Number of protein chains: 2
Amino acid sequence: MSDMTSTADAPRSPGRPRSTRADEAIIDAALDLLAEGSTVESLSIEAIANRAGVGKATIYRRWPGKDALLLDALRTLKGPAPRTAGRSVRDDLVVLVGAVGQHADPRVRKIMPCLVPEVNRSSAHRQAYEAIIGPRRAAMREVLRRAVDRGELRADLDIEVAMALLTAPMLTQRMLRWHPERDERLLPERIVDTVLDGLRVR
Amino acid sequence: MSDMTSTADAPRSPGRPRSTRADEAIIDAALDLLAEGSTVESLSIEAIANRAGVGKATIYRRWPGKDALLLDALRTLKGPAPRTAGRSVRDDLVVLVGAVGQHADPRVRKIMPCLVPEVNRSSAHRQAYEAIIGPRRAAMREVLRRAVDRGELRADLDIEVAMALLTAPMLTQRMLRWHPERDERLLPERIVDTVLDGLRVR
DNA sequence: TCGATACGAACCGGTACCGTATCGAAATCC
DNA sequence: GGATTTCGATACGGTACCGGTTCGTATCGA
């Protein structure tokens, strides 16, 4: 938490220590409310306090305002990139594309779309967003780079464009729900195979 | 407008007619505020009225509430799909991909990201969104279908997946600003060529 | 000119949330 | 036990917007 780190190494302050339960309950309540459909700005401190079973003062004692609390909440969503087997580019990419928009915490899937407008507005939110997806992007970049080095993919490949081709369609499906009826389970394979081989006849 | 159509064929109601200037000013003010960064829900009737130089009553006389006004405003953004030359699949797709996220009204580009959370929540907003991009999607679908018929593209091509591969990367670049520094002008060609030919070496 | 309606502006009571303050109880250290 | 701090709860004044209403004025048809 932004202003709690000092207490860790401080010379043991007197009085009742801050409740770790409250910390978690507050962060959790904020993420729950977001996942249930609240927009970032419609989210109120009072609603978070009620949901967490906590007094408002307990929140204001920890964070200066809603934005700081929210950024801390988003920071807790950081997760590692999924492990890839490394047997083939194709299989690795299927795993990584399948992981787009997925997360250990299922609330992330509902929360990410709500962040889209914020990310374009606030650089702090953009940073939080990129911290969440950063490890996955790095993993995919590495898979592609190695495949180029091995001669499996075109030498003149623009890696960033390739990553966009692979991840963006999955993202629009999972977050924007372009085709709500479509079965998502087969989609990663379809995307990877089509991108690898291209649309043209050979 | 939702409740103004009746006046068109009505037997000429007495009294002062409603101001067309006010209609346009209200819709315009709403779109302006959205384009300037207001979120859909932070947008208030009072702010719209002030911006339009109009009394609140003038708005409430036309629409029952904010949602109806907003949907009407979004409806005015519908535009035709760009013309394609039809010389080659490649050239047509470059035109259509280049048009993703672009619009006759430049405000659309700022407004669309703000709609993302709403589209997942309200079916009315989803309809408005799809009405805006519908003509473009239809045009691209047609270009792809014809190319398959001519034997230029794979016969087993999943057209919807192909459209996602082409449009989603452009959309994430234009609306989510995944790579803010990248030059967007060359991107459509890059995307189309890469998708058509695939990543693999031949 | 007159009746009817729309206009912009201002005001109303109600609601929600802000950020702060205060309460008695609870938890920790000395 | 006493000092100190946090706890949940509640209350406070302030602000913003809601949806509706009422002004005096402006603009139409008859």
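Chain A is the first sequence line, chain B the second, and so forth, proteins listed ahead of strands; every chain is numbered from 1. Remember, predicted model here, so these are calculated numbers, not experimental data.
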Taking [atom1] from [X] and [atom2] from [N], how many angstroms apart are they, rounded to a whole number?
X	N	atom1	atom2	answer
Ile45(B)	dG19(D)	CD1	C1'	9 Å
Asn50(B)	dA16(D)	CG	P	12 Å
Ile26(A)	dC7(D)	CD1	P	8 Å
Leu69(A)	dC18(C)	CG	C1'	15 Å
Ile48(B)	dA16(D)	CD1	C1'	15 Å
Ile59(A)	dC7(D)	CD1	C1'	13 Å
Tyr60(B)	dT22(D)	OH	P	17 Å
Glu41(B)	dC17(C)	CD	C1'	14 Å

Inset, instruction - Under the side chain to side chain donor-acceptor pair (under 3.5 Å) rule, collect the residues that match up with Asp158(A), sequence neighbours excluded. - result: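 Asp158(A) satisfies side chain to side chain donor-acceptor pair (under 3.5 Å) with Arg182(B), Arg190(B) once adjacent residues are dropped.
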
Inset, instruction - Can you sort out the partners of Thr39(A) under side chain to side chain donor-acceptor pair (under 3.5 Å), two or more places apart, ordered by chain and number? - result: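 In terms of side chain to side chain donor-acceptor pair (under 3.5 Å), with neighbours along the sequence ignored, Thr39(A) is linked to Glu41(B).
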
Legend entry - N/O donor-acceptor pair under 3.5 Å between Gln173(A) side chain and His179(A) backbone: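 Present.
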
Inset, instruction - Ignoring hydrogens and angles, tell me if any N or O in the side chain of Arg121(B) forms a donor-acceptor pair with the backbone of Gly37(A) under 3.5 Å. - result: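 Yes, because the side chain of Arg121(B) sits within donor-acceptor range (under 3.5 Å) of the backbone of Gly37(A).
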
Legend entry - Heavy-atom side-chain proximity of Glu36(B) to Lys110(B) below 4.5 angstrom: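 A side-chain contact is absent here, since even the closest heavy-atom pair is not under 4.5 Å.
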
Legend entry - Pairwise side-chain contact, Met112(B) with Tyr129(B), heavy-atom cut-off 4.5 Å (strictly under):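 Yes, at least one pair of side-chain atoms sits under 4.5 Å.
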
Inset, instruction - Would you mind listing every side chain to side chain donor-acceptor pair (under 3.5 Å) that reaches into residues 192-201 of chain A, with sequence neighbours excluded? - result: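 Listed once each, the pairs are Arg90(A)-Asp193(A), Asp197(A)-Arg200(B), Arg200(A)-Asp197(B).
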
Inset, instruction - Verify the neighbour count for atom CZ of Arg21(B): are there more than 12 heavy atoms of other residues, nucleotides or ligands below 6.0 Å? - result: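 Incorrect, the count does not exceed 12.
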
Legend entry - Within 6.0 angstrom of Arg150(B) CZ, more than 12 heavy atoms from elsewhere: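 Yes - once you tally the heavy atoms of other residues, nucleotides and ligands closer than 6.0 Å, there are more than 12.
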
Inset, instruction - Check each of Leu74(A), Asn120(A), Val108(A) against Leu115(A) using the side chain to side chain contact (heavy atoms under 4.5 Å, CB included) test, and report the only one that passes. - result: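 Result for side chain to side chain contact (heavy atoms under 4.5 Å, CB included) with Leu115(A): Leu74(A).
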
Legend entry - Stem segments of DNA chain D by first residue number [Watson-Crick or G-U, under 3.5 Å, at least 3]: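 Correct response: C:1-30 with D:1-30.
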
Distances under 3.5 Å between nitrogen or oxygen atoms of protein and nucleotides 23-27 of chain D:
| from | atom 1 | to | atom 2 | distance (Å) |
| --- | --- | --- | --- | --- |
| dA26(D) | N3 | Arg16(B) | NH1 | 3.1 |

Legend entry - Heavy-atom protein contacts under 4.0 Å, nucleotides 8-15 of chain C, coded B base, S sugar-phosphate only, - none: SB------

Inset, instruction - Answer yes when Glu130(A) and Arg137(A) have at least one side-chain N-carboxylate O distance shorter than 4.0 Å, and no when they do not. - result: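 Judged by the 4.0 Å cut-off on N to carboxylate O distance, Glu130(A) and Arg137(A) do not form a salt bridge.
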
